[in-house]
Asks: 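Have a look at this one before I ask anything.
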Amino acid sequence: GGCAMGPPAETDLYRDTWVRYLGYANEVGESFRAIVPISLVWASYGVATTYVMADAIDKGKKAAVVSPTQVAVAVVDTFVWQALASVAIPGFTINRICAASLYFLGTVTHWPLPIRKWMTTAIGLSAIPVIIKPIDRSVDFLMDSSLRKLYGAEEKHRPS
């Protein structure tokens with residue numbers, strides 16, 4: 001959101017607390033893809049997707065209190081934003097960073113494969129905090145330029 005001064009708004013469990021990090025479970029899963037069973041990577045997507053759905057339902061319930069007609073908008077806006085900003089784009093980004101890292105390390109080093117895989121995991125994990133804000137801002141811009149124009153909600157729904 002904005003830079004408005006004044007008393008802070010009500011704490012949002014899904015945006016302002018440790019619960020927000022559940023949305024990044026799949027990025028952690030992608031970082032570990034080279035060294036864990038694939039089922040654990042998919043499980044990490046399950047955690048992140050559950051977080052996205054819970055946040056969307058929460059925003060729908062909050063919108064219902066204000067205006068029943070805004071429930072669908074709140075749910076769709078939250079779900080689409082979270083699906084893109086928390087799951088799809090960062091998951092793909094970390095997947096590609098790790099794939100490129102593993103390839104690069106295999107090309108330029110003579111390190112044993114287990115060392116290259118652990119190094120790839122470390123690179124993936126360290127990239128997560130770097131990619132979050134640019135992806136969040138890009139998804140805000142994308143949605144403000146498209147979907148939010150349909151329901152007249154170009155102002156940001158998500159606090160920064």
Asks: According to ring pair (Phe, Tyr, Trp, His ring centres under 6.0 Å), who are the partners of Y45, at least two apart in sequence or on a separate chain?
Replies: W42
Asks: Can you find a pair of side-chain heavy atoms, one from V75 and one from K59, that are under 4.5 Å apart?
Replies: no
Asks: Would you find a donor on one side and an acceptor on the other, under 3.5 Å apart, between the side chain of N26 and the backbone of V87?
Replies: yes
Asks: Could you give the side-chain donor-acceptor pairs of residues 102-111 under 3.5 Å, partners two or more places apart or in another chain?
Replies:
| from | atom 1 | to | atom 2 | distance (Å) |
| --- | --- | --- | --- | --- |
| T107 | OG1 | Y103 | O | 2.8 |
| T109 | OG1 | L105 | O | 2.5 |
| T109 | OG1 | W111 | N | 3.4 |

Asks: Is R148 close to D140 at the side-chain level, that is, under 4.5 Å between some pair of heavy atoms?
Replies: yes
Asks: When you check the gap from the basic side-chain N to the acidic O, do K133 and D136 get nearer than 4.0 Å?
Replies: no
Asks: So, does T121 use its side chain to make a donor-acceptor pair with the main chain of K117 at under 3.5 Å?
Replies: yes
Asks: Using a 4.5 Å cut-off on heavy atoms from C-beta on, say whether the side chain of R96 contacts that of F92.
Replies: yes
Asks: How close do S101 and I123 get, counting heavy atoms only, and between which atoms?
Replies: OG-CG2, 3.4 Å
Asks: Report yes if some heavy atom in the side chain of I57 is under 4.5 Å from a heavy atom in the side chain of K61; otherwise report no.
Replies: yes
Asks: Taking the six-membered ring for Trp, are Y51 and Y14 parallel (under 30°), tilted (30 to 60°) or perpendicular (over 60°)?
Replies: tilted
Asks: Could you check whether R20 and S86, counting side-chain N and O atoms only, form a donor-acceptor pair closer than 3.5 Å?
Replies: yes
Asks: Within the structure provided, determine whether Y21 and T17 are in side-chain contact (heavy-atom separation under 4.5 Å).
Replies: no
Asks: Which residues satisfy the salt bridge (Lys or Arg N to Asp or Glu O under 4.0 Å) test with R33, sequence neighbours excluded?
Replies: E30
Asks: Check K149 with D144, please: is the shortest side-chain N to carboxylate O separation under 4.0 Å?
Replies: no
Asks: Could you walk me through whether I89 and I131 pass side chain to side chain contact (heavy atoms under 4.5 Å, CB included), step by step?
Replies: CA-CA 10 Å; I89 297 171; I131 69 169; over 6 Å; no
Asks: Within the side chain of T49, is there an N or O that forms a donor-acceptor pair under 3.5 Å with the backbone of G46?
Replies: no
Asks: So if I apply the side-chain contact (heavy atoms from CB on, under 4.5 Å) rule between S31 and each of I94, T120, V41, which one comes out positive?
Replies: I94
Asks: Do R15 and T78 touch side chain to side chain, with heavy atoms closer than 4.5 Å?
Replies: yes
